[in-house]
Every structure is written in structure tokens, then in C-alpha cells.
Amino acid sequence: MTYLDETNDNVSEALDMKAENTVKTVFSKENVKFADRPSETPILKLVDELCKTLARENISYCHWKSNNALDRSASGENDLDLLIDRADVQRFTEILYRLDFKEARPKPDKELPGVLNYYGHDTGTGRFVHIHAHYQLILGDDASKNYRLPIEGAYLASAVQGELFKVPGIEFELIVFVIRMMLKHSTWDAMLSFHGSLSKSARQELDYLMARADRQRMQENLSQYLPFLDSAVFDRCLQSLQPGASLMSRYKAGKQLHRQLQAHARSSRLSDTCLKMWHRGLWGTRKYLLRRPTKKYLIHGGAIIALVGGDGAGKSTAVNELHGWLSKRFAAKKIHLGKPRWALSTWFIKGVLKIGRKLGLFSNRKVPAQSQGDAQSLELPGYGWFLWHVVTARDRYRTYARARRLATNGSLVICDRYPLPQIKTMDGAQTSRFLQAGKNKPLINFLIQWETKYYRHILPPDLLIVMKVDPDIAVQRRADEDADWIRGRSQEIWGLDWQDAPVQIMDAGMPQARMLAELKSLVWSRL
């Protein structure tokens, strides 16, 4: 008996064991329904709408891998890996934008040719739906994806409509799965970096495919669409992925597979190996040393999202929720512009002012927030009060400049509070109300102009959300604080006319869960 005959017999025996109590037939719609039926987790409304639209508009596509876990894809737990016919790319993209999907890109070292990323927001659950849109079958180690199988047309032609997704012929899927796993787990560098073994989910997928594939049809597909790939080499690869197979047998089979795929590689074996090692080191440094895991950037650019409102409106809760939600997928940063980070010089100046107040060298009284017209009735505070607000303005300016820089470079910046000219009691210029208060000393006027200059640089955010709550409700929420102070700050936001301002008004008096859900939908629709 030849090695090939022995291998084929082993594969056949494995297939027979996996397929016990199942009927071996050509891949049919009934098989698709069995695989495509979500078991426990519900189908997201957005995923359901997407699939129905793709079917209705006759888009040539399929969910091209991991079809043993379609229930997880339907519920948003897994990404949707969709292969799309190039002839339908424009119509497919139009459908995504119609459903408010947004394209995002990883850092350049993670971009792949013919593979795009789209994210949608399912309003009912608040979950993101991540679509990997593949226009080419790009395979390989996650650190390089060095090979393309130019069989997209045949792969899509084998697809049939399931209860939700279109899925490829099971034999085609098994062929591609074996090649994918070998490219990931059979090289010496993968084994040295502890990536030589299949994961539990990969083994489950292999079992699922082998139990349903027709071996003769699989061999026919190999001969017709991948004639350069020797069937004996493929069988060795399949055998080496079985439980109990040695790493050495997988390495040898993988070496033969790489040699036969070389005409379809993006770069040479040496270049690919160097690139994989470089990327693994780079990603490991980002994740474990710099604590900056790679996130994606929306192609429309970053944005500064500011939430303002009185005390008790739930700003901090909303900011934390937004940041936690967005930062799971995208480059996002949370910044407090009401209480900016102090510079070293600020620590020194404010420290001296605080000590001076305790020693009675500076006035310790609070200056109420009032309009310009009331400035004549106010007693002019001391130099220390003016200097305090100048250095606060400088810290806000520096924090704003950092936020604007991050947003310009693609990040989403969520600001807790924001300096606005309409708001007098929080976060804006405080010294300018004394500009017309009689004949000020030159130093006072200088400090006023200095503070004003900083705030002049702070332009409106890209998205401004005003959280309005009834002052009485705000007092109830902050019962442990000064009621008059809370009511005054909340009353200003409540009473302002925002009709002509470029803002989005959010009713912060509604139940928290509903308010956060509406806030996420609002933010996503404006990004």
C-alpha cells in the first residue's frame, strides 16, 4: 500500500466516524438550514435586516468561514466574515451605508488588500455588528496573511441561501479551512511562538466540516479549481490536523503546501517570515508594554464629543458608558475639561495660593457667577483669584489642544464638560465680567486678557450634547450636597435657550438605561 493510499484510508475512516448516523449527500439547502439555525442566542435586528436586504437585492455573497457558529454571528458575538463578488461591491456598500454601517481602518501594518471593516450599531441591544468584507480570499498567519486563493468566483457559485446567511458548499469550505489552518499552524516560527496547535474552536470547526463534507466532491473541487495543489499533499495536511498528529508531521506537510502555494503569495517565504516576526513583536509591545492595544479608526475621521449639563444630570455616568462602549472597538479617549490635568507650574501656583489663603494673605471668599451687566455691583476680588482662573484656563487650553490633536489623528474624544460662552457658572471665562468694572489696575486687565486669550482658542466640539434635567430632580440626585449650589448650576442649563445653537438636547430626566441607549444611538448617527 502506498503512503497516499494509507493516508486516504485514514481520512476516510475519520470521515466515516464523524459522519456516523448522518446521511452523506450532496450539500443541500436542508444541510444549510441545520447549520444556520441559531440555537439559543437571539438574532440581532440589524443582522436580520442586513441579510434580508442582501437576499432581496440579489447580492452575490456568502458567509465564508466559521459557519458552524452562525448563531454567534447572528447575535453579534462573532464578526461577520462576508465574501462579496466584485461586481456587487458598489451595491453592497450602498446597502451598508443605508443601514448606517461605518467603515473603519486598523493601523497600516494591519491593513489587508481587498479586506475592509464596517461597523453597525444594533439599537435594540447596543451591540456593534462588525463586518469583515472580503473581496479576495486572503489567507495566512494573522501577522501577515500572505496568500490569496483566486477561486472567489467558484466559491461564491457554490453558495446556497440558508435561513439567514448564504453559505458556501461544505466541501469548498473544508478545503479553504485546511489551507487556512496549515498556513497558521505549520511553520517553524508559529511553533516557536506557541501557535502550532489548533484552538478548541478550530477543532470544533474541523469536526463540523468533516462530518458533513462529501469526500469525492471535495477531491473534484481540488482537481478543478486548485489543480496546482497535489491531492496527496492536501491529504497529508488534513491528516496532520487530526488529534494525535505530531507537530513534525504538520511541519513537513505545511512545508510542501507552502511550496505549492508560492505562486499565489504576496511576498517570498523569507520576507513573510520576517514580517510575521516583526508584527508579532510590534503588537506584543503595544499590548503588553505600552498598554495600547491596536484599535480601529473611522475613515470619516475622529471627533470631539462633549457632554455638558448641570450637576445631577448624569454626565459622568454617560461619559464613562460612552467611552467604555466606543473604546472596545475604536481608538477612544476620555477627557475631563471641567477639571483638566494640572501642569507642574499649576501645582506650584495653586499650592502657593492655597497656602496664602490659609495664612490670610489672599481673599478666601467665593465670587458668584453673574453676567457682565452685574459686574459694577461686585467687589473686585484680589490678584490671587484672577491668577487662579488664568492658570485654570491655561490647563483647559492645553487639554483642549491635546483633545483636538487626538481627534484630528482619528481618535474619538469624549469630554466631560466643555467651556461654552453660554454657560457662566461652569468651565468658561470667569475674569472677563470685571473688564468694565471701573478703572482696573493694569495687572488686573492683563490677567483678564490673558484668560480670555486661552478661551478664544477653544472652538466648539464636533458634537455637543446638552443633558437637561429638572433642577428639583438634580437636587434629589445629589442630596448629600448643597441644594442651592446644585439647583443654581442646574437651573442655568435648564433655562438656557439652545434652539439656535448647534447642539443635541438629551432629556437626562428619563430612566438611566433608556437615556444611555438613546445617547449611543445619537452619537453613532452623528459620527
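The pair D48-K52 meets the salt-bridge criterion, since a charged nitrogen lies less than 4.0 angstrom from a carboxylate oxygen.
When side chains are defined from C-beta on, I95 does not count as touching F101, because their heavy atoms never get closer than 4.5 Å.
Note on residues 332-341: pairs passing side-chain hydrogen bond (donor to acceptor under 3.5 Å, both in side chains), not counting sequence neighbours, are N320-K334. Among residue pairs with one or both ends in residues 395-417, those qualifying as salt bridge (Lys or Arg N to Asp or Glu O under 4.0 Å) are R396-D427, R404-D462, R417-D427; sequence neighbours excluded.
Residues D81 and H63 bring no donor and acceptor atom of their side chains to less than 3.5 Å of each other. Side-chain N/O atoms of N146 and S267 include a donor and acceptor closer than 3.5 Å. No side-chain donor-acceptor contact under 3.5 Å links D88 and S60.
Within a 6.0 Å radius of CG in L344, other residues, nucleotides and ligands contribute 12 heavy atoms or fewer. Within 6.0 Å of NZ in K520 there are more than 12 heavy atoms belonging to other residues, nucleotides or ligands. Counting non-hydrogen atoms of neighbouring residues, nucleotides and ligands closer than 6.0 angstrom, the CD atom of Q262 exceeds 12 such neighbours. No more than 12 heavy atoms of other residues, nucleotides or ligands shown are found within 6.0 angstrom of NZ on K255. Enclosure of atom OH in Y397 is not indicated, since only 12 or fewer non-hydrogen atoms of other residues, nucleotides or ligands lie within 6.0 angstrom.
The backbone N or O of I305 sits nowhere less than 3.5 Å from a side-chain atom of R526 that would complete a donor-acceptor pair. The closest donor-acceptor contact from the side chain of R250 to the backbone of S186 lies at 3.5 Å or more, if one exists at all. Using a distance-only test at 3.5 Å, with no hydrogens or angles considered, a donor-acceptor pair links the side chain of Q161 to the main chain of L164.
Separating the CD atom in E220 from the OH atom in Y225 is a distance of 10.0 Å, to the nearest 0.5 Å.
Nearest heavy atoms, C237 versus L257: SG-CB, 4.0 Å. Of all heavy-atom pairs between A407 and I304, the closest is CB-CG1, 3.8 Å. Minimum interatomic distance between K315 and G309 (heavy atoms only, all atoms of both residues): NZ-O, 3.0 Å.
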Check against salt bridge (Lys or Arg N to Asp or Glu O under 4.0 Å), R98 and E57
CA-CA 13 Å; R98 201 187 312 158; E57 301 197 15; 2.8 Å; yes
Derivation of the side chain to side chain contact (heavy atoms under 4.5 Å, CB included) call for Y400 and L459:
CA-CA 9 Å; Y400 164 81; L459 298 180; 3.6 Å; yes
Going through the checks in order, is the side chain to side chain contact (heavy atoms under 4.5 Å, CB included) test met by E171 and S158?
CA-CA 9 Å; E171 294 79 19; S158 75; over 6 Å; no
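Aromatic ring pairs are classed by plane angle as parallel below 30°, tilted from 30° to 60° and perpendicular above 60°; the pair H134 and H132 is perpendicular. Aromatic ring orientation, F128 versus W325: parallel (interplanar angle below 30°, classes split at 30° and 60°).
Outside the 6.0 Å centre-distance limit, the rings of F177 and Y208 are not counted as a close aromatic pair.
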Can I get a per-line list of side-chain donor-acceptor pairs under 3.5 Å for residues 511-519, giving both atom names and the distance, sequence neighbours left out?
{"unit_1": "R514", "atom_1": "NE", "unit_2": "E518", "atom_2": "OE2", "d": "3.2"}

